[in-house]
Protein chains: 4
Amino acid sequence: MDKKSVETSVKNEELIRKRRDQMVKAAVKLFTEKGFHRTTTREIAKASGFSIGTLYEYIRSKDDVLYLVCDDIYRQVNTRIKEKIDVKGDGLACLKDAIATYIKIVDEMRSEMLVMYQEAKSLSKESLPYVLNKELEMAGVFEDILGLCVQSGQIGLAEPEVRFFAQHIIVQCQMWTFRRWALRGYTLEEFTQMQINAIMGGLTSINKAELSV
Amino acid sequence: MDKKSVETSVKNEELIRKRRDQMVKAAVKLFTEKGFHRTTTREIAKASGFSIGTLYEYIRSKDDVLYLVCDDIYRQVNTRIKEKIDVKGDGLACLKDAIATYIKIVDEMRSEMLVMYQEAKSLSKESLPYVLNKELEMAGVFEDILGLCVQSGQIGLAEPEVRFFAQHIIVQCQMWTFRRWALRGYTLEEFTQMQINAIMGGLTSINKAELSV
Amino acid sequence: MDKKSVETSVKNEELIRKRRDQMVKAAVKLFTEKGFHRTTTREIAKASGFSIGTLYEYIRSKDDVLYLVCDDIYRQVNTRIKEKIDVKGDGLACLKDAIATYIKIVDEMRSEMLVMYQEAKSLSKESLPYVLNKELEMAGVFEDILGLCVQSGQIGLAEPEVRFFAQHIIVQCQMWTFRRWALRGYTLEEFTQMQINAIMGGLTSINKAELSV
Amino acid sequence: MDKKSVETSVKNEELIRKRRDQMVKAAVKLFTEKGFHRTTTREIAKASGFSIGTLYEYIRSKDDVLYLVCDDIYRQVNTRIKEKIDVKGDGLACLKDAIATYIKIVDEMRSEMLVMYQEAKSLSKESLPYVLNKELEMAGVFEDILGLCVQSGQIGLAEPEVRFFAQHIIVQCQMWTFRRWALRGYTLEEFTQMQINAIMGGLTSINKAELSV
DNA sequence: GATGAATGAGAGTTCATTCAT
DNA sequence: GATGAATGAACTCTCATTCAT
């Protein structure tokens, strides 16, 4: 299931892309302000710059809008990650860079990601797994980097621990969006530094910690 | 603003407590299944065991139900925390216990907490700060424990770092609810152990980590 | 159909009178402020100083309250008219006095009468004729006075004209309630004087007027 | 604030006019039968010939219907008055004609005006002044005619008396709607003749009357 | 392809009335 | 006689969706 899977009565692919861009942009703005359920399709159409009739030429239902929004956001996030994060060289250095980079991406796409985390639960039974999969794909990057560290002997983690740690890291970075209210006092730089310390510290000292538990 | 602040036309306090318990229990179940917006007041009334008219004798609007749900959950979580977490003795040992205990509470109240994190954004402008405050109160417990560690010289953190770390810990523990889909492979015990390793490792090695960054 | 016709489950007549007085007083106040339909039975009960359950011990339905209110108002108006208006002596002088007196009564019972004229249409099919009858009874007083004038030869009106003129007079006096917004500029005295001039002028000159038409 | 001030989600002005005509016509009928409060929006929609959804495309709330009804009635009344009443020539003759004409208009629009006088009180705080203003506008026509009489020396009235007398006349004419139940015995012609006698007699004899009071 | 008027199921909420206590 | 919790029919209003133009 991918972007094309949302059926359309319009044939011109170029136009579809254009209209959906307008739509997603408008929807993210509206969902950010008032949430998915409190936003009406009329509002989405109006903010997109076309009529309600036209909106329904490019989607089958309001749920499709949410799906397109989530899909678009993941697309962007993944693109940026692939552009900016290289999985090679020194494992730990690579990880540190990746964390900083990912937090920066999270910061740039703050509203979008917040919308996604708050509304994803409203996705249809069919769309949700697809979206969660994209999230796992993203986690994969961190798993790869952690794998690099393991391979080079920098850290000692079994496979299940690697998977867990990737999630651990992602959640910490995303916290910048969903716990914003509790982090008002910190700048992006401070937050980044503290997260790197906390995460990487935890990682490198696991063996010692395990002994002491 | 506390529980009593939601106005009622019913006067019998005992009855109010009873009916609201029924209501909150029913609402949590329904919100878990289909979310706040997709649940109708009629469904809440029915699941509570009384009529729609009776429901509205105990609340003024649907939003009140959400508020009562959040309020009730925090009340329970805080009660359990105060019952089970002692802030005294060896700081690090205390912290380890606290993490394990908190994760256990999170696990027991999984549905409730999930509902809260997903729907809190729908709270009214007046209720939201109240609820966020309860969350900060909860974070306070971890700040206190970290303070204990700092005092005893077990870890070296400045005040802002303490506040940050408390949030860091809370988010990691709560992850057991909102990232459940990504943690299917782990038992509660495994998850707890890994989090303790990750968090406490990170903590004790911060000085070292800072040097190496 | 009279006051007693509104059935009660309470037997003590004294109590019935007392409770209904409270009720009517409260209802007039509320109906004045927000109209019959926008006033709830709960509000009436509360303003009356007893519970909703008690309210329904003294009425069968909300409509009964309106009936009791109208009935009570007519009772008061008629009592005052009978107290203060004498149908004897010089016809025209008597009429002039009656007009002034009636306007005074209208002024004293402004809110009550306004409520009645605005809400009477909501009376049940059975109550309305009864209330309208009371109004005709009131008009009867003016018919009697006009009869006095005719008998003494002061004015020359046939019977149908007498009936019409009584209505004409009553409407002009009541105008002080229902056209208040258009009469803001006048004092009660000015209004009274102008009405007397207008009405009595019309009356005494009818023969002449008829010729000129 | 005029007809257009009631917001619509429909853009086609022609259609708005048409639908609102249907709506007002239906509403007047229903309000006449059962009053504003006892009429439901669904009934209005149905009687208008469209669905409840469509009704709400042309109004924002039920109150708007009442406003549109009142506005429409005044529009019609004023149009007819301007068509049929000329303020020129012999003052008294003009006045006599105006009274007869206005009573005829009142008779033609009996139900409409009755609705208005009974329900206007339910208009919103913003609409009421607008509607009362229209009524004063109407009174202005009679003030002008009376002014004509004063100028030509046919009657001797000061300005405040002129304003009062205009109200006096209007109320007498409208009485044909709101006191119908008391005027059953008279034909329109009889009523008209009697009112002309009563009003014009009062008017022309005022100087004389004042002396005798 | 684009439009927007029309639809009606369904949502939240109110309130007159009842009846066990 | 008094109380007030419970009831549910009925109300106003919304909004996703369709389809003729």
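For the numbers below, each heavy atom of this structure counts, side chains included, while hydrogens, waters and symmetry mates do not. In what follows, every chain begins at residue 1, and chains take the letters A, B, ... in the order their sequences are listed.
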Separation of B/E13 atom CD from F/dG4 atom C1', in whole Å? 15 Å
Is the centre of the B/F178 ring less than 6.0 Å from the centre of the A/Y117 ring? no
Is it true that the side chains of B/S9 and B/E57 contain a donor and an acceptor less than 3.5 Å apart? yes
Round to the nearest Å and state the distance from D/E57 atom CD to E/dG8 atom P. 13 Å
5′-ward residue of the pair A/F50/B/S61 relative to DNA chain E: A/F50
Quick note, salt bridge (charged side-chain N to carboxylate O under 4.0 Å, His left out) partners involving residues 39-48 of chain D, not counting sequence neighbours, are D/K34-D/E43
Specify the residues of residues 33-47 of chain D, ordered by number, for which at least one heavy atom lies under 4.0 angstrom from an atom of DNA chain F. D/T39, D/T40, D/T41, D/R42
Please determine if a side-chain N or O atom of D/Y56 lies less than 4.0 Å away from the OP1 or OP2 oxygen of F/dT14. no
Would you say that more than 12 heavy atoms from the other residues, nucleotides or ligands in this model lie under 6.0 Å from the NZ of A/K134, or not? yes
Of B/G49 and D/T54, the one whose closest nucleotide on DNA chain F sits nearer the 5' end is B/G49
Without decimals, in angstroms, what is the distance between D/D63 CG and F/dC11 C1'? 14 Å
Whole Å only: how far is the CG atom of C/L30 from the P atom of E/dA16? 12 Å
D/I52 atom CD1 is separated from E/dA9 atom P, nearest whole Å, by 12 Å
So which one's nearest nucleotide on DNA chain F is more toward 5', B/Y58 or D/I59? B/Y58
For A/R75, is there an ion pair with A/D71 - N to carboxylate O distance below 4.0 angstrom? yes
Return the value, rounded to whole Å, for the distance between atom CG of C/L55 and atom C1' of E/dC19. 15 Å
Would you say C/I59 and C/L55 make side-chain contact, with heavy atoms under 4.5 Å? yes
Does the side chain of D/R20 come under 3.5 Å of the side chain of D/T8 through a donor N or O and an acceptor N or O? yes
d(CG, B/D64; C1', E/dG12) in whole Å: 13 Å
Under 4.0 Å between a side-chain N/O of C/R60 and OP1 or OP2 of E/dT17, yes or no? no
Could you check whether atom NZ of C/K18 has more than 12 heavy atoms from other residues, nucleotides or ligands sitting under 6.0 Å from it? no
In whole Å, I'd like the distance from the NZ atom of B/K11 to the P atom of F/dA6. 14 Å
Stems in DNA chain E: runs of 3 or more consecutive Watson-Crick or G-U pairs, distances under 3.5 Å? E:2-21 with F:2-21
The test is side chain to side chain contact (heavy atoms under 4.5 Å, CB included); show your working for A/K62 and A/F36 and say whether it passes. CA-CA 9 Å; A/K62 190 186 173 188; A/F36 174 69; 3.9 Å; yes
